[in-house]
Structures are given as structure tokens and as C-alpha cells.
K.L.:
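I'd like to ask you about the structure that follows.
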Amino acid sequence: DHKDQTDIAVKPRAKTQRPPLYKVLLLNDDFTPMEFVVHVLERLFNMTHAQAIEIMLTVHRKGIAVVGVFSHEIAETKVAQVMELARRQQHPLQCTMEKE
Ligand code: TYC
């Protein structure tokens with residue numbers, strides 16, 4: 001019957017490939033207004049107002065923080081969107097990405 005089945009450990013033939021993930025990092029500076037950073041985090045990283053304030057303050061205090069982890073293509077798009085919003089408002093805000 002079905003309970004007679006013996007479990008057999010099977011070694012996987014090869015490890016499953018997963019696409020690499022990239023951290024999107026926000027950098028502190030002395031000039032970008034705190035409210036602008038909070039706005040960017042809410043609009044581009046789908047954070048609540050409270051989450052956005054928390055992450056903004058972490059960047060402000062520590063100099064840098066991870067604001068999200070994405071595929072290479074999405075991370076590149078997020079970085080470009082942050083840089084474009086900052087450029088349009090003439091803020092020196094910097095955003096970059098790095099392989100996890
Ligand atoms: N340090 C800025 C200020 O005091 C605020 C700030 C926070 C700037 C986070 C950039 O990524 C940043 N106005």
C-alpha cells in the first residue's frame with residue numbers, strides 16, 4: 001500500500017540558476033532636502049510615508065542605505081529615475097547599484 005514506499009535521497013544534478021540581484025543604494029549629501037528624498041522613496045520605491053522617513057534618516061545618519069533589491073534591469077531603471085528626478089530639481093542626490 002502507499003505507506004510501504006521507501007524515501008530515497010536524490011542528489012540534484014545541478015544547482016538551479018537564479019538571476020543575480022542588485023542592491024539600489026541612496027547616498028547622503030548636505031544639500032538635497034529631506035522632503036525631496038522622502039518623496040522619491042514614496043514614488044519610486046513604493047514605501048509608505050513612515051518607511052520613507054525611516055530610510056531617509058538612515059541615509060542621512062549613516063551616509064548610505066539600501067533602498068531596494070531588484071533584477072539588473074529594474075535596478076538600472078530605478079537608479080536612472082532617481083537621478084532624473086534629482087537632476088530636474090537640481091539636487092545633488094546620488095543613487096547607485098551594486099551586485100548583492
Ligand atoms: N542630508 C540631507 C539634509 O540634511 C538629507 C538627505 C538625506 C540627503 C538622504 C540625501 O540621500 C539623502 N538636507
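Just follow the structure's listing: the first ligand is 1, and inside any ligand the first atom is 1.
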K.L.:
With side chain to side chain contact (heavy atoms under 4.5 Å, CB included) as the test, would you mind laying out the steps for Lys99 and Lys23 before giving the verdict?
P.N.:
CA-CA 6 Å; Lys99 201 172 183 177; Lys23 298 182 282 197; over 6 Å; no
K.L.:
I'd like to check Val59 versus Val37 (side-chain heavy atoms, cut-off strictly below 4.5 Å). Are they in contact?
P.N.:
no
K.L.:
Within the structure provided, determine whether His72 and Pro19 are in side-chain contact (heavy-atom separation under 4.5 Å).
P.N.:
no
K.L.:
Which heavy atom in Tyr22 sits nearest to a heavy atom in Ser71, and how many Å separate them?
P.N.:
CD1-C, 4.2 Å
K.L.:
So, the side chain of Thr58 versus the backbone of Ala65: is there a donor-acceptor pair under 3.5 Å, distance only?
P.N.:
no
K.L.:
Are Met47 and Val67 side-chain neighbours, meaning at least one heavy-atom pair lies under 4.5 Å?
P.N.:
yes
K.L.:
Would you mind listing each N/O atom of ligand 1 next to any protein N/O under 3.5 Å, plus the distance?
P.N.:
residue	atom	partner	partner atom	Å
ligand 1	1 (N)	Asn28	OD1	2.8
ligand 1	1 (N)	Asp29	O	2.7
ligand 1	1 (N)	His60	ND1	2.9
ligand 1	4 (O)	His60	ND1	3.4
ligand 1	11 (O)	Leu27	O	2.8
ligand 1	13 (N)	Thr32	O	2.9

